[in-house]
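Beneath this line is the structure, given in structure tokens, with notes to follow.
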Protein chains: 2
Amino acid sequence: MSPTNSITSAQAGNEALPATKAGTQDVCATPEDPIDKVDPLDDPELAQATKALGNPTRIKIFRLIAERQTCITGELVAELPLAQSTVSEHLRILREANLIQGEIEGPRTSYCINQRVLAALKRSILEL
Amino acid sequence: MSPTNSITSAQAGNEALPATKAGTQDVCATPEDPIDKVDPLDDPELAQATKALGNPTRIKIFRLIAERQTCITGELVAELPLAQSTVSEHLRILREANLIQGEIEGPRTSYCINQRVLAALKRSILEL
DNA sequence: AACGTCTATCGTCGATACACGATAGATAAT
DNA sequence: ATTATCTATCGTGTATCGACGATAGACGTT
């Protein structure tokens with residue numbers, strides 16, 4: 001088994017958004033996906049992504065992960081005036097929209113931005 | 001009184017998003033706001049805008065208005081498999097997020113994209 | 001004035017979101 | 001093996017969403 005186990009949005013019967021084919025590549029490599037080299041999201045994906053961002057706390061969480069490149073759940077809990085379970089729930093929603101990706105690193109989970117989906121979101125919004 | 005009365009999102013105690021100073025200009029002029037000449041949305045505005053778009057029906061309504069430049073409520077109702085009151089409710093949500101603007105034209109209401117806020121949204125998303 | 005048309009709002013209902021505490025599972029340390 | 005730590009999930013309660021039909025207000029027409 002690999003030392004770090006990638007956690008994607010495969011639970012809860014939600015696989016609407018295509019996940020990056022993780023396992024073969026480092027999930028948090030942040031290769032700075034160019035906007036015009038990704039396909040835009042289809043409407044259900046776009047709705048899910050914008051819905052996931054449609055909450056001030058989740059926008060803040062997303063920004064925190066983005067500026068730190070990678071982030072542990074506990075760090076986010078420390079930054080936010082919310083219970084650990086609440087933060088974990090917000091992370092789940094961002095994860096199921098494929099906006100972020102989590103890697104289980106020993107006892108903790110490290111999150112990073114899914115650059116490919118973010119680029120696709122940017123392109124989709126620009127095309128509105 | 002002016003022949004066309006602009007309807008903005010001033011009701012329901014919601015004026016979080018700054019409205020274009022309508023009345024002095026044609027609301028649906030679509031001057032193609034350049035993205036880098038508008039201020040990005042602040043986080044509550046961004047959350048409200050993305051939340052408003054976070055629904056497949058509202059994305060569809062937004063696209064319909066955008067491609068027709070201007071659109072009557074009844075046209076949208078005719079295009080969608082939803083009750084008139086439901087469509088009107090979706091329009092209210094888009095309106096309160098300032099993504100669209102409505103003008104009362106006699107007995108009907110004509111909607112158009114709020115280009116300034118759309119440009120600000122695009123910029124805000126690009127900066128993520 | 002009375003009527004028909006168009007659309008926003010109201011009231012209702014079930015489903016979903018959002019917060020929390022409690023619990024459980026995995027891992028590292030003792 | 002036991003313990004401690006970290007985080008996801010479960011169960012709960014409240015609030016908001018998303019749909020609808022019914023209603024009301026504004027306007028044009030007769």
Side-chain angles (χ1 to χ4, degrees), chain A residues 1-14 16 44 47-48 50-61 65 70-97 100-111, chain B residues 1-14 47-48 50-61 65 70-97 100-111:
Chain A
M1 306 165 191
S2 56
T4 69
N5 206 345
S6 169
I7 170 177
T8 59
S9 57
Q11 76 280 16
N14 177 356
Q48 190 178 10
T50 51
K51 186 174 190 175
L53 285 177
N55 174 286
T57 297
R58 286 195 291 271
I59 289 181
K60 175 140 192 161
I61 290 175
I65 297 175
T70 186
C71 209
I72 298 300
T73 304
E75 297 180 283
L76 297 167
V77 173
E79 290 283 341
L80 297 164
L82 294 170
Q84 177 269 325
S85 59
T86 304
V87 174
S88 188
E89 172 74 358
H90 284 305
L91 287 169
R92 181 187 63 79
I93 291 168
L94 290 169
R95 212 172 56 221
E96 288 186 353
I100 63 173
Q101 288 167 296
E103 286 187 31
I104 299 172
E105 291 182 345
R108 58 205 87 187
T109 308
S110 172
Y111 283 98
Chain B
M1 308 163 189
S2 55
T4 70
N5 206 345
S6 169
I7 171 178
T8 59
S9 57
Q11 75 281 15
N14 177 355
Q48 190 178 10
T50 51
K51 185 174 190 174
L53 285 176
N55 175 287
T57 297
R58 286 195 291 271
I59 289 181
K60 174 140 192 161
I61 290 175
I65 297 174
T70 186
C71 208
I72 298 300
T73 304
E75 297 180 284
L76 298 168
V77 174
E79 290 284 338
L80 297 164
L82 294 170
Q84 176 269 325
S85 58
T86 304
V87 174
S88 189
E89 173 74 358
H90 283 305
L91 288 169
R92 181 186 64 78
I93 291 168
L94 290 169
R95 212 171 56 222
E96 288 185 355
I100 64 173
Q101 288 168 296
E103 285 187 32
I104 299 173
E105 291 182 345
R108 59 206 87 189
T109 308
S110 171
Y111 284 98

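Letters A, B, ... mirror the listed sequences (proteins, then strands); counts begin at 1.
Between R108(B) and dG4(C), a side-chain N or O to OP1/OP2 separation shorter than 4.0 Å is absent. OP1 or OP2 of dA19(D) has not a single side-chain nitrogen or oxygen of S85(B) nearer than 4.0 Å. Under 4.0 angstrom from either OP1 or OP2 of dA19(D) there lies at least one side-chain N or O belonging to H90(B).
Atom pair E89(B):CD and dT7(C):C1' shows a separation of 13 Å (rounding to whole Å applied). In this entry the distance linking CG of N55(B) with C1' of dT16(C) reads 12 Å, nearest Å. Distance, L53(B) CG to dG18(D) P: 12 Å, rounded to whole Å. In this entry the distance linking OH of Y111(B) with P of dC6(C) reads 15 Å, nearest Å. Taking atom CG of L76(B) as the reference point, atom C1' of dC6(C) lies 13 Å away to the nearest angstrom. Taking atom CD1 of residue I100(B) and atom C1' of nucleotide dA8(C), one finds them 13 Å apart after rounding to whole Å. I104(B) places its CD1 atom 19 Å from the P atom of dA24(D), with the value rounded to the nearest Å. Per the geometry, CD1 belonging to I93(A) stands 12 Å off P belonging to dT9(D), to the nearest Å.
Of the candidate nucleotides dA8(C), dA19(C), dA19(D), dA19(D) has the atom lying nearest to any side-chain atom of T86(B). Candidate nucleotides dT7(D), dA8(C), dA17(C) were compared by shortest atom distance to the side chain of K51(A), and dA17(C) ranks first. The nucleotide whose nearest atom lies closest to any side-chain atom of R58(B) is, among dA8(C), dA8(D), dG18(D), dG18(D). Residue P107(A) places its side chain closer to dT27(C) than to any other of dC27(D), dA19(D), dT27(C). Of the candidates dC18(C), dA8(D), dT9(C), dA8(D) carries the atom nearest the S88(A) side chain, counting heavy atoms from C-beta on. The T57(B) side chain lies nearest to dA19(D) when the options are dA8(D), dT9(C), dA19(D).
The existence of a salt bridge linking E89(A) and R92(A) is confirmed by a sub-4.0 Å separation between a basic side-chain nitrogen and an acidic carboxylate oxygen.
Applying the side-chain hydrogen bond (donor to acceptor under 3.5 Å, both in side chains) test between Y111(A) and each of Q101(A), R95(A), E75(A) identifies R95(A) as the sole match.
Within the 4.5 Å cutoff, the side chain of L53(B) has no heavy atoms near those of the I93(B) side chain. Side-chain contact between L91(A) and I65(A) is present, with heavy atoms from C-beta onward closer than 4.5 Å.
Remark: side-chain polar atoms of Q48(A) are paired, donor with acceptor, to backbone N or O of E96(A) under 3.5 angstrom.
With hydrogens and angles ignored, a donor-acceptor pair under 3.5 angstrom links the side chain of Q84(A) to the base of dA8(D).
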